[in-house]
Amino acid sequence: ALSSAASDVYKRQVKVPQPFEEDTTEESYKKVEQIIRKMKLTKKQKDTLNCYLKGMGVCEIARLLCVNNTTVWRRRMILQRKYNEVCGKN
């Protein structure tokens with residue numbers, strides 16, 4: 001067990017994250033879904049985006065979707081462009 005003085009020092013040095021409210025997380029998901037809806041993606045673009053969101057890499061996505069690596073890269077560029085158009089970034 002830490003002494004009271006050591007405990008105070010520890011508390012000041014380590015920022016313990018506060019639990020986030022569920023509403024905030026739900027609002028975040030709603031915002032993401034709204035952005036994706038506004039992007040008006042094709043089925044293939046949605047499939048590619050979902051793979052990226054699952055943490056997959058280009059080669060893995062290409063194998064799963066039975067397309068060339070370049071196709072995956074091209075779809076990603078289109079996704080980025082559409083995202084920037086929706087979110088107002090150039």
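Just so you know, these numbers use all the heavy atoms, side chains as well, and skip hydrogens, waters and symmetry mates.
Here salt bridge (Lys or Arg N to Asp or Glu O under 4.0 Å) pairs that include residues 35-58, with residues two or more places apart or in two chains, are Lys43-Asp47.
Put simply, the side chain of Leu65 reaches to within 4.5 Å of the side chain of Arg75, judged on heavy atoms. Contact annotation: the side chain of Arg76 never approaches that of Val72 to less than 4.5 Å [non-hydrogen atoms, C-beta and beyond].
Under the side chain to side chain contact (heavy atoms under 4.5 Å, CB included) criterion, Cys66 pairs with no residue, sequence neighbours left out. Remark: Asn69 pairs with Val58, Cys59, Ala62 by the side chain to side chain contact (heavy atoms under 4.5 Å, CB included) rule, at least two apart or across chains. When the side chain to side chain contact (heavy atoms under 4.5 Å, CB included) test is applied to Leu79, the partners found at least two apart in sequence or on another chain are Met39, Leu41, Gln45, Thr48, Leu49.
A continuous path of Ile, Leu, Val, Met, Phe, Trp and Tyr side chains, each step under 4.5 Å between heavy atoms, connects Val32 with Leu53, placing both in one hydrophobic cluster. Under the 4.5 Å side-chain heavy-atom criterion for grouping Ile, Leu, Val, Met, Phe, Trp and Tyr, Tyr52 is connected to Val67 within one hydrophobic cluster.
Other members of the hydrophobic cluster containing Trp73, listed by chain and number, are Met77; membership follows side-chain contacts under 4.5 Å among ILVMFWY residues, whether direct or relayed.
Atom CG of Asn50 and atom CG of Leu64 lie 10.5 Å apart (nearest 0.5 Å).
Electrostatic pairing of Glu27 and Lys31 does not count as a salt bridge here, judged by no charged N lying under 4.0 Å from a carboxylate O.
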